[in-house]
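Okay, structure first, notes after.
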Amino acid sequence: MEVFLAAAIVAGTPLLFATVGELITEKSGSINLGVEGMMLMGACIGFVVGLATGNPVLALGGAALAGGGGALIFAILTVTLRANQVVTGLTLTIFGTGFTRFVGQDMVGAVIPGELRASFAKVELPGLSEIPFFGPVFFRQDVFVYLGYIVVILVAIYMFRTRIGLNMRAVGENSGAADASGINVALYKYAHIVLGGALCGLGGAYLSLVTVPIWQVDVVGGRGWIAVALVIFASWNPIKALFAAFLFGGLGILGLRLQSMGVHVSQYLVDMIPYMATILIVIISTMRNRKEGMPPSDLSNPYFREDR
Amino acid sequence: MNFIKITKRDDLPRNKAILIRGVAILLSLICAGLVMLIFGLEPIKIYTEIINGSLGSEMRIKQTIIKAIPLVITSLGILVAFKMKFWNIGAEGQIIMGAMAAAYVALNYGETPKPVLLLLMVIASMLAGGIWAFIPAFFKAKMGTNETIFTLMMNYIAIKFVTYLQYGPWKDPGAQGFPKIAQFGDNAVLPAVFGIHAGWIIALILVVLMYIFINHTKKGYEITVVGESLETARYAGMNIKSIIITAMLISGGLCGLTGMIQASAIERTLTSGISAGYGFTAIITAWLARLNAIAVLVVCILFAMLIQGGAYLQIAMNVPESVASLVQGSVLFFVLGSDFFIQYKVSLQGLFRKKNAEEGGAA
């Protein structure tokens with residue numbers, strides 16, 4: 001069980017980064033459906049830099065820049081040029097796929113050097129890893145997973161305990177009122193869209209650098225879309241996003257696990273579970289209709305001062 | 001930035017709008033060209049070869065048309081949904097389920113006379129695609145669930161389901177263990193007209209029908225009103241739920257039909273990769289065509305040229321096909337951005353004047 005849960009965390013970490021990234025973007029009022037594309041760009045550039053330098057920090061930096069760069073295109077188009085968010089996000093995904101195929105064409109089958117892989121080896125945190133049950137599950141992971149925990153905590157503090165975080169939520173809830181109170185709406189939107197994209201890029205890099213350190217064309221495989229759904233599941237709360245991502249990580253590897261236990265279910269049918277669960281979540285969270293579980297009021301409403 | 005003044009345009013003359021679009025496309029080609037230069041490719045040569053590869057011979061033109069057919073029909077399906085601001089991004093899954101239903105008919109009733117069999121396949125595929133779209137539409141109409149995520153997840157379920165069929169119950173026992181579904185019999189294959197499978201006639205008819213439906217029928221008008229303002233639709237006493245469901249049945253049905261055409265005329269069997277990304281590309285083509293059925297035809301042919309030209313690059317110049325998708329992405333970004341300049345007028349003012357108090361006070 002502990003082994004399975006630990007593996008679920010590994011499978012859930014890319015989802016975690018992407019979910020938190022999209023969560024920040026949505027909290028500031030924009031829905032960016034380009035998560036899949038930004039994850040792909042992050043996976044690709046992270047891999048390229050990792051392969052060339054063998055340096056984990058540079059690889060992660062490259063991935064974050066790639067994801068953030070994709071998000072910047074989205075921000076320019078939707079915030080400044082007022083393009084439709086849904087269509088622009090989809091375009092970003094299509095662009096990210098093309099970009100990754102183009103840049104990654106000569107890398108198929110390339111393997112991340114051992115030194116870089118070693119820097120993502122499991123590290124047992126002294127003390128914490130000795131806690132019964134929780135230790136082996138949460139604290140015998142790689143550095144990247146720990147980075148995920150830190151990001152969640154920082155984002156939670158930022159959103160709920162800082163002035164800038166409050167302003168950011170104000171922009172997402174009511175851009176007009178935020179503008180009237182002197183908040184630079186466009187700047188806040190730009191900053192959080194780009195930050196969100198950088199986190200999505202990191203999520204992609206986990207897949208290409210840690211999960212399978214060999215380059216393959218479609219590394220992300222739809223996880224970006226699951227992340228979009230997880231934001232709803234987590235009702236825009238970063239702490240809930242942590243558990244949601246790990247739960248879905250577990251669902252994703254359930255099929256293989258069941259087969260190794262001798263349960264004969266088609267792997268492809270089990271593979272459907274995360275997607276069906278997502279639909280169920282969308283339905284349930286719509287039914288609950290509680291105040292706290294609702295999307296930011298100004299989500300995906302473009303804000304133009306002149307239109308008021 | 002206070003000296004930049006943005007005002008909404010009332011109406012821009014059509015030729016000026018086209019000019020702005022043209023400039024945007026030109027800029028996007030230059031931008032993609034620069035990326036190619038960075039990667040040591042020759043952009044001019046690549047662009048001419050894309051045109052040559054898509055229009056350079058009778059065979060290539062036929063290939064381009066064959067690639068335009070699924071794009072046109074799927075775009076029309078998406079158009080109906082988007083007109084209503086129902087973000088159906090589940091076309092991919094609706095295509096697959098349509099193909100699945102057509103394959104079921106083709107594999108089990110293959111001895112039926114050709115016209116009857118093909119008609120049955122068309123009906124089955126449209127029903128299956130329609131049902132796949134009906135499920136999210138039902139929840140949207142009843143409870144207001146987010147259709148974007150819903151339709152998207154339905155894609156993955158469809159892909160996994162067909163993969164399951166391919167590896168499990170529908171696996172062809174005669175394929176020596178290969179996980180593939182049996183080939184259709186001759187009766188289940190669409191006939192060719194002028195050397196191209198009959199799908200092109202269906203596509204052209206549908207373009208005209210869709211244009212008439214949206215612009216000259218009550219139902220089409222209602223769909224447009226629901227898309228523009230729910231309040232107006234409610235005030236006018238329209239049955240919004242039934243409009244959403246009808247439109248999505250049409251949308252999914254058309255996507256399902258695409259699946260049948262691809263399965264019957266191109267693959268002659270069912271595979272989980274049957275939709276080949278057309279469901280997503282069609283979203284873009286429908287949007288670029290500004291949800292106008294006639295414009296869909298033009299945009300889809302241009303996109304088909306890019307797809308076919310890209311495939312040709314791979315074979316003729318050993319330049320990866322993905323160059324074409326890079327060009328695609330670049331064109332899309334620029335055209336999306338150019339809409340701003342069509343809808344708004346940007347003027348510089350106050351550059352040399354003193355800022356007045358109102359402007360100076362804004363952050």
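Note on naming: letters A, B, ... go to the chains in the order of the sequence lines (proteins, then strands), and numbering restarts at 1 for each one. Please read all numbers here as calculations on a predicted model, not as lab measurements.
Remark: B/Leu230 pairs with B/Val226, B/Arg234, B/Ile240 by the side-chain contact (heavy atoms from CB on, under 4.5 Å) rule, at least two apart or across chains. When the side-chain hydrogen bond (donor to acceptor under 3.5 Å, both in side chains) test is applied to B/Thr151, no partner is found at least two apart in sequence or on another chain.
Comparing B/Ile283, B/Val323, B/Leu326, B/Ile157 by how many heavy-atom pairs each has under 4.5 Å with chain A, the most go to B/Ile157. With chain B as the partner, the residue from A/Ile283, A/Thr278, A/Val86 showing the most heavy-atom pairs under 4.5 Å is A/Ile283. Chain B forms the most heavy-atom pairs under 4.5 Å with one residue out of A/Ile94, A/Leu77, A/Val87, and that residue is A/Val87. Of all the listed residues (B/Leu332, B/Thr281, B/Ile284, B/Leu152), the one sharing the greatest number of non-hydrogen pairs under 4.5 Å with chain A is B/Leu152.
Side-chain contact check for B/Phe139 versus A/Val282: every heavy-atom pair is 4.5 Å or farther apart. Contact of the B/Tyr156 side chain with the A/Met272 side chain is not registered, since no non-hydrogen atoms from C-beta on lie closer than 4.5 Å.
Proximity to chain A (any heavy atom under 4.5 Å) is shown, for B/Ile159, by neither the backbone nor the side chain. When heavy atoms are compared at a cutoff of 4.5 Å, B/Phe341 approaches chain A solely by way of its side chain, counted from C-beta outward. Heavy-atom distances place no part of A/Leu187 under 4.5 Å from chain B, backbone and side chain included. B/Thr148 touches chain A through its side chain: at least one heavy atom from C-beta onward sits under 4.5 Å away, while N, CA, C and O do not. Residue B/Leu41 touches chain A through its side chain alone, counting heavy-atom pairs closer than 4.5 Å.
Residues B/Tyr164 and A/Tyr268 place their aromatic rings such that the two centres sit no closer than 6.0 Å.
Contact between B/Ile149 and A/Ala229 at its shortest, heavy atoms only, is CG2-CB, 3.5 Å. Summarising the geometry of A/Thr80 relative to B/Phe340, their closest heavy-atom pair is O-CE1, 3.8 Å, with the distance given to 0.1 Å. Closest non-hydrogen pair, B/Lys160 versus A/Tyr275, comes out as CE-CE1, 4.1 Å. For the pair B/Gly329 and A/Thr91, the tightest heavy-atom approach, listed with the atom from each and the gap, is O-CG2, 4.5 Å.
Here the rule is ring-ring contact (aromatic ring centres under 6.0 Å, His included) with B/Phe333, and of A/Phe95, A/Phe99, A/Phe74 only A/Phe95 fits it.
Note that CZ of B/Phe150 is 9.0 Å distant from CG of A/Leu280, once rounded to the nearest 0.5 Å. One finds the CZ atom of B/Phe334 at 10.5 Å from the CG atom of A/Leu81 (value rounded to the nearest 0.5 Å).
The aromatic rings of B/Phe280 and A/Trp225 lie parallel to each other, their planes meeting at an angle below 30°, with 60° marking the opposite boundary.
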Trace of the side chain to side chain contact (heavy atoms under 4.5 Å, CB included) decision for A/Ile279 with B/Met154: CA-CA 8 Å; A/Ile279 290 179; B/Met154 295 294 281; 3.7 Å; yes

